[in-house]
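So the structure is just underneath, and the comments pick up after that.
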Number of protein chains: 2
Amino acid sequence: MGPTPSRDSGKPRYLQIADDLVQQIEHQILPPGEQVPSESDLMKKYGASQGTVRKAIAELRATGLVETRHGKGSYVKRRPPVRRKSSDRFRRSHRMAGKAAYLAEAEQAGSKPSVSVLYVGPAEASEEIAERLSVPVGERVLARRRLYFSDGIPTEEATSYLPWDIAKDIPELFEENPGGGGIYARLEEHGHRLKELTETVRVRLATKQEISALSLSPGSPIIHLTRNAESESGRVVEVCDTFMAADQFVLEYRIPAGD
Amino acid sequence: MGPTPSRDSGKPRYLQIADDLVQQIEHQILPPGEQVPSESDLMKKYGASQGTVRKAIAELRATGLVETRHGKGSYVKRRPPVRRKSSDRFRRSHRMAGKAAYLAEAEQAGSKPSVSVLYVGPAEASEEIAERLSVPVGERVLARRRLYFSDGIPTEEATSYLPWDIAKDIPELFEENPGGGGIYARLEEHGHRLKELTETVRVRLATKQEISALSLSPGSPIIHLTRNAESESGRVVEVCDTFMAADQFVLEYRIPAGD
DNA sequence: GAGTGGTCTAGACCACTGT
DNA sequence: CAGTGGTCTAGACCACTCG
C-alpha cells in the first residue's frame, strides 16, 4: 500500500509509470520547469528496469509534456502562450499604422518579440521559388531570412524572396529593418499595390535541422506556411516561406463568402 | 563488402539501420504495401539485437513511412495522394454548380470520395459551441457528424452545429444527404445569405480516439480546423469542427489585401 | 569526478494473427 | 501450431554536463 502505483491492470508497466507522471505534472506536484526524477530514481521508485522507465519518459516527450536534455535530465515543459496568426495582419490599415505584421501580433499577445536577421542579400532562385515568382531558375532574387523570437525563445523562421528588378529600386529592402509597416508597406509605396495573398498550410514532423533551428523536441510537428503576394498588376512580387512550431500557433483566416 | 551496411560512423546503429531501410523504401526495393522484413530477419541481417531493430522500425513509424500491425508485421505505407483544401471551395459559384465542397475537391484530386453519416439530430450545445453560435450553454442545436472517406479509407471527420431555430425550418438539413451544394446552399435558399467564414487551424498530436477513428499511427499530427459561418445579418448560422490527418492535406487560403 | 541520459545486448515471456 | 510484434529485465558501456 505504498504510494507506488504498481497495481496490475492490463496496461503495460511503462504506460502505468507514464500515467503516474502525467498525474504528478497535472497536479503540479511536478510544476513547470521542474526536473523529473532521474532514470535511476524512477527505477528505484517503480522497481522497473531502465528500459521501462525510459519508455515511460519517451511517452511524455512524445505528448510534449516534458523535454529531455542529455546529461542533465528531463524537465516539465512550461506551456508557452499560444500565438495567434490572423489573416487580418495583412490589412492595409494595419500597415498604415506603421507596424510590421509580426510585431503587431506579438504585442497583442502580450509577449516581448524580437527579430534576428540571418541574411539579407542576393540569392539564386531555386526551382520552387522560381516557379512561384515566375522567373527563370537560377535568376538573382533578393532573399530576406529572419528568425523571430518571443520572450527570447525562437518560435518562427521566415524567408522572403523578391524579384531583383523590383527589389533593386527599394533601398529599404536591403536594410535589416525595412521600416514601419514592413516590406509590404515599402512595396506599396513604390507602386506595387497588393491585390491578393495566397497562403498554403502544410504540416509534418520536424526534421533534425528544424529541431535545432527552433530548439524543438524530436517528433514535434511543424507548420510550413507559404505565401505568395500578388500585386494589382497580376505579378507575384514577393513569396515567403515560414516554419513554426505547430503547438505554439493558431492560424486564423477570414474568408469572404462571395462569388 | 557484403550488402550489409555495417560501417561505423558516429551514428547510432539503430539509425544506420533505419536509414538503410529508408533507402530501400525510396528506391522501391521495398515498394508501397510491401511487408518490411520481420524483426528476426533484420536481427540476422544486421547482426543486431531485437531492441535495436525495433528502435529502427519505430523511427520509420515516427516519420510515417511504415505502419505496424501486431502479429502481422510492418508494411510500407502507400503514400496517399495529398488532398488540397482551398478556401475557394466556399465560393458561391461552386455551390450553384450543385456540388458540395468535399465532393468537388475530391473529384478534382482524382479519388473516389464517399461519406458516412455518423449522426444527424438534436444535441445540447457545449460551452464552446454555445459561445461560437451565441446561444445559451445546453441549448438545443442540430448536430451533423460525418466521416469522409477517400478511396475507402477514412481521411476526415467533421461535425456541424446549427442553431435549432434556423435548422427546424429547413427539412433537408435533417436528411443524411442535404442535397446539391451542401448545407450552405440550403441555408442561402432559406434567406441566410452568407457573408464571411472564419477558419482557425490548430495542430497537435492525435489522441488515442482520433487514432482509431481515422486509423492513424500513434504520434501522427492532426489538424483541427474550426469554421464559423456568418450570414449577412451578422449572425453565426453554422459552426463546424473538422479533424484530419495532417500529412494528407494542404490547406490553401486566398486573402484579399484590401483595407 | 559523480550524475545524468543514450545505446546495445541476450534472453525471457506475453499477445496477436494466421493456418 | 508457427510466426509475428510488444514488453521487460539485468547488466554493460558510452557521451554529455557541471562542479
Inset, instruction - Tell me which of B:Ala48 and A:Ser74 sits closer to the 5' end of DNA chain C, going by the nucleotide each one is nearest to. - result: A:Ser74
Inset, instruction - Take atom CZ of A:Arg69 and atom C1' of C:dG6, then tell me their distance rounded to the nearest Å. - result: 16 Å
Inset, instruction - Using atom CG of A:Leu15 as one end and atom P of C:dA15 as the other, report the distance to the nearest whole Å. - result: 15 Å
Inset, instruction - Say whether B:Arg146 and B:Ser160, considering side chains only, have a donor N or O and an acceptor N or O under 3.5 Å apart. - result: yes
Legend entry - Residue B:Arg13, side-chain atoms from C-beta onward, closest of D:dT7, C:dG5, C:dC8: C:dC8
Inset, instruction - Check whether any side-chain N or O of B:Arg54 sits under 4.0 Å from OP1 or OP2 of D:dG5, and answer yes or no. - result: no
Legend entry - Distance test, side-chain N/O of B:Thr52 to OP1/OP2 of C:dT9, below 4.0 Å: yes
Inset, instruction - Respond yes when some side-chain nitrogen or oxygen of B:Tyr14 is under 4.0 Å from OP1 or OP2 of C:dT7, and no when none is. - result: yes
Legend entry - Nearest-Å distance for atom pair CG/C1', residues A:Leu60 and C:dG5: 15 Å
Legend entry - Spacing of A:Glu39 atom CD relative to D:dC13 atom P, expressed in whole Å: 18 Å
Legend entry - Length of the OH-P vector between B:Tyr75 and C:dG18, whole Å: 8 Å
Inset, instruction - May I have the distance from B:Lys11 (atom NZ) to C:dT7 (atom C1'), rounded to whole angstrom? - result: 15 Å
Legend entry - Close side-chain approach of B:Ile222 and B:Arg204, heavy atoms under 4.5 Å: yes
Inset, instruction - When you get a sec, tell me which of C:dG6, D:dT7, D:dG5 is the closest nucleotide to the side chain of A:Pro12? - result: D:dT7
Inset, instruction - Report the distance from atom CD of A:Glu67 to atom C1' of C:dG6, rounded to the nearest whole Å. - result: 17 Å
Inset, instruction - Determine: side-chain N/O of B:Ser49 to OP1/OP2 of C:dG11, distance under 4.0 Å, yes or no. - result: no
Legend entry - Side-chain N or O of A:Ser40 closer than 4.0 Å to phosphate OP1/OP2 of C:dG3: no
Inset, instruction - Indicate yes or no: does B:Glu67 engage B:Arg61 in a salt bridge with an N to O separation below 4.0 Å. - result: no
Legend entry - N or O in side chain of A:Ser38 less than 4.0 angstrom from C:dG3 OP1/OP2: no
Legend entry - cation_pi(A:Arg13, A:Tyr46) dist<6.0 Å, angle<=45: no
Inset, instruction - Report the distance from atom CE of A:Met43 to atom C1' of D:dG11, rounded to the nearest whole Å. - result: 9 Å
Legend entry - A:Gly71 vs A:Gly51, nearer the 5' end of DNA chain C by closest nucleotide: A:Gly71
Legend entry - A:Arg132 bridged to A:Glu128 by N-O distance under 4.0 Å: yes
Legend entry - A:Lys72 or A:Lys55, whichever maps to the more 5' nucleotide of DNA chain D: A:Lys55
